[in-house]
Amino acid sequence: MPIFDLFSKRQKRLRGDTPDVYVYDEIPQQLRVQIVHILRDAFGPPEYSQYGGKNPVIAAFDEIHGILCREYGVFSLAKKRDDDGWDAVTDFILSDENPERVLDALELCIKYVDKLVRGDSYKFNGVRQNADEAITELNRRFLEHSVGFQYESENILRIDSQVIHAEVVRPALAFLADSSFKGPNEEFLKAHEHYRAGRTKECIAECLKAFESTMKTICGRRKWTYKPTDTAKPLIDVLFAQKLIPEYLQSEFGALRTILESGIPTLRNKTSGHGQGPALVNVPSYFVSYVLHLTASTILFLCEADKNLK
């Protein structure tokens, strides 16, 4: 469904009532209701089929409900004994006080739209939004409410800057979606998962893994010699020796080796790579955001250079 720029929205913008920064610890009730509208349009009506048996929407939400119950160690999310999966999950999205659990449920639902409904659309009668339209509206609703999350690559990711996300993170994920980058893609998405959950040290560790795995994947595809146990520095040496950066540009990028060598690996080594000693090491979230975006921009650079290398 299109998003309408209503009079009230325009007035809020004129008054400066829209927040300048993203929020992460609150899912506004208006957004929750809009999410349920999106799910209803993307799956189709959840009523039982007149031909007997369950509507595929109910079957899908029974599965989603079962997954959430098992992971949370409960028997039901439902408020009433006769609630089906649709009612239980949508009521949970509308009312649960923990925003991370709401995002859990939403992520599962949108994954089902992205995979199940997209692949078997003929089974879902009354669909009013295709998968791409539903995902686009969801992401725009997040932005509209200044809630700092976006659905990308089958995951809800935390974002700090829409510009960086659009210009760096999303293109990096597009490169990593190639099947040959399965390892670094998984590690980079894990880094985002840790970041969303506030696990700062784990996020930095996965960033380094994704960085190193990207270089190993490029070396493997091009049959450049490297050791499976190589860490960042020897892998960087291989890429420079093989002129992944064109020779005529290397003088212009004299500092690039320093950036690559002392960027992600050093940040990781100084924060999460070794024992923290007797004192606890607290890693600020803004620092982790920098590492995550540095990883994305470096992966994007390497993939673009690989794509353009003759």
| field | Under the salt bridge (charged side-chain N to carboxylate O under 4.0 Å, His left out) test, residues paired with Lys190 that sit two or more places apart | value | Glu186

| Distance-minimising heavy-atom pair for Val89 and Cys109 | CG1-SG, 3.8 Å

| request: Tell me, please, which residues at least two apart from Asp96 pass side-chain hydrogen bond (donor to acceptor under 3.5 Å, both in side chains). | output: Arg101

| field | Beyond-backbone contact of Ile218 with Thr214, side-chain heavy atoms, under 4.5 angstrom | value | yes

| request: Would you indicate whether the side-chain heavy atoms of Lys233 and Ile236 approach each other to under 4.5 Å? | output: no

| query | Okay, side chain of Glu107, backbone of Asp104: is any donor-acceptor separation there less than 3.5 Å? | reply | no

| task | With rounding to the nearest 0.5 Å, note down the distance linking CG in Asn98 to CG in Leu103. | result | 9.0 Å

| said: So does Gln129 get a backbone contact from the side chain of Asp41, meaning a donor-acceptor N/O pair under 3.5 Å? | reply: no

| message | Can you list everything that forms a side-chain hydrogen bond (donor to acceptor under 3.5 Å, both in side chains) with Asp178? Sequence neighbours excluded, please. | response | Ser180

| message | Are Leu157 and Leu173 packed together at the side-chain level, in the sense that at least one heavy-atom pair is separated by less than 4.5 angstrom? | response | yes

| note | Heavy-atom nearest pair, Asp83 first then Ala88, reads CB-N, 4.4 Å

| query | Does Trp224 reach the side chain of Leu244, with side-chain heavy atoms less than 4.5 Å apart? | reply | yes

| task | May I have the step-by-step check of side-chain contact (heavy atoms from CB on, under 4.5 Å) for Glu212 and Thr231, ending in yes or no? | result | CA-CA 7 Å; Glu212 292 178 345; Thr231 54; 3.8 Å; yes

| said: Going by the rule salt bridge (charged side-chain N to carboxylate O under 4.0 Å, His left out), which residues pair with Asp306 if we only count those two or more places apart in sequence or in a different chain? | reply: Arg221, Arg222

| Can you tell me if Glu202 uses its side chain to pair, donor with acceptor, with the backbone of His194 under 3.5 Å? | no

| task | Flag the pair Asn155 / His192 as yes when at least one side-chain heavy-atom distance between them is below 4.5 Å, and no otherwise. | result | no

| query | Does the pair Asp25/Arg196 count as a salt bridge with the N-to-O cut at 4.0 Å? | reply | no

| query | Can you name the residues that form a side chain to side chain contact (heavy atoms under 4.5 Å, CB included) with Val168, not counting sequence neighbours? | reply | Ile164, Ala296, Ser297

| task | Determine the minimum heavy-atom distance between Val57 and Gly44, stating which atoms define it. | result | CG2-O, 3.8 Å

| field | Value rounded to 0.5 Å, distance of CZ in Phe301 from SG in Cys303 | value | 11.0 Å

| query | To the nearest 0.5 Å, how far apart are CD in Glu133 and OG1 in Thr136? | reply | 8.0 Å

| task | Evaluate the criterion salt bridge (charged side-chain N to carboxylate O under 4.0 Å, His left out) for residue pair Glu206 and Arg199; output intermediate values, then yes/no. | result | CA-CA 11 Å; Glu206 290 297 334; Arg199 296 187 291 268; over 6 Å; no

| Shortest non-hydrogen separation from Gln29 to Leu94 and the atoms involved | OE1-O, 3.1 Å

| message | List the residues meeting side chain to side chain contact (heavy atoms under 4.5 Å, CB included) with Asn308, not counting sequence neighbours, and say none if there are none. | response | Glu304

| Residue pairs fulfilling salt bridge (Lys or Arg N to Asp or Glu O under 4.0 Å) with at least one residue in residues 152-161, sequence neighbours excluded | Lys115-Glu154, Glu152-Arg170, Arg158-Asp160

| task | Give the intermediate values and the outcome of side-chain contact (heavy atoms from CB on, under 4.5 Å) for residues Lys201 and Ile204. | result | CA-CA 5 Å; Lys201 297 175 189 176; Ile204 293 173; 5.9 Å; no

| message | Suppose we screen for side-chain hydrogen bond (donor to acceptor under 3.5 Å, both in side chains). Which residues come up paired with Glu63, at least two apart in sequence or across chains? | response | Tyr112

| request: Please collect all ring pair (Phe, Tyr, Trp, His ring centres under 6.0 Å) contacts where either partner lies in residues 66-97, sequence neighbours excluded, each pair once. | output: Phe61-Trp86

| Counting N and O atoms only, with roles assigned by atom type, does the side chain of Asn139 sit under 3.5 Å from a partner on the main chain of Tyr151, one being a donor and the other an acceptor? | yes

| query | Hey, does the side chain of Asp120 reach the backbone of Lys123 with a donor-acceptor pair shorter than 3.5 angstrom? | reply | no

| query | Can you check whether Pro234's main-chain N or O pairs, donor with acceptor, with Tyr226's side chain at less than 3.5 Å? | reply | no

| query | Apart from Phe175 itself, what residues make up its hydrophobic cluster when side-chain heavy atoms of I, L, V, M, F, W and Y under 4.5 Å apart count as a link, directly or indirectly? | reply | Leu300

| Any donor-acceptor N/O pair, Arg32 side chain to Ile27 backbone, under 3.5 Å | yes

| query | Does Glu137 pair with Arg140 as a salt bridge, N-O distance under 4.0 Å? | reply | no

| task | Can you measure from CZ (Arg70) to NE2 (His65) and round to the nearest 0.5 angstrom? | result | 13.5 Å

| said: In the structure I gave you, are the side-chain heavy atoms of Ile110 and Ile135 within less than 4.5 Å of one another anywhere? | reply: yes

| field | Minimum side-chain heavy-atom gap Pro46-Arg40 below 4.5 Å | value | yes

| field | Backbone N/O of Pro45 and side chain of Asn55: donor-acceptor pair under 3.5 Å | value | yes

| field | Side-chain donor or acceptor of Lys216 paired with backbone N/O of Pro228 under 3.5 Å | value | yes

| How far apart are the C-alpha atoms of Thr200 and Tyr195, what are their side-chain angles, what is the distance that settles it, and do they pass the side-chain contact (heavy atoms from CB on, under 4.5 Å) test? | CA-CA 6 Å; Thr200 55; Tyr195 182 51; 5.9 Å; no

| Does some side-chain heavy atom of Val113 sit less than 4.5 Å from a side-chain heavy atom of Phe43? | yes

| task | Mind listing the closest non-hydrogen atom pair of Cys207 and Thr295 along with its distance? | result | CB-OG1, 3.2 Å

| request: For Ala210, check side chain to side chain contact (heavy atoms under 4.5 Å, CB included) against everything at least two apart and list the hits. | output: Glu187, Phe188, Ile299

| request: Let me see the working for Asp62 and Ile58 under side-chain contact (heavy atoms from CB on, under 4.5 Å), right down to the final yes or no. | output: CA-CA 6 Å; Asp62 282 348; Ile58 298 295; 3.8 Å; yes

| Considering residues at least two apart in sequence or located in another chain, which fulfil the side-chain hydrogen bond (donor to acceptor under 3.5 Å, both in side chains) criterion with Asp132? | Arg118

| How many angstroms lie between CG in Asp237 and CG in Asp230, if you round to the nearest 0.5 Å? | 9.0 Å

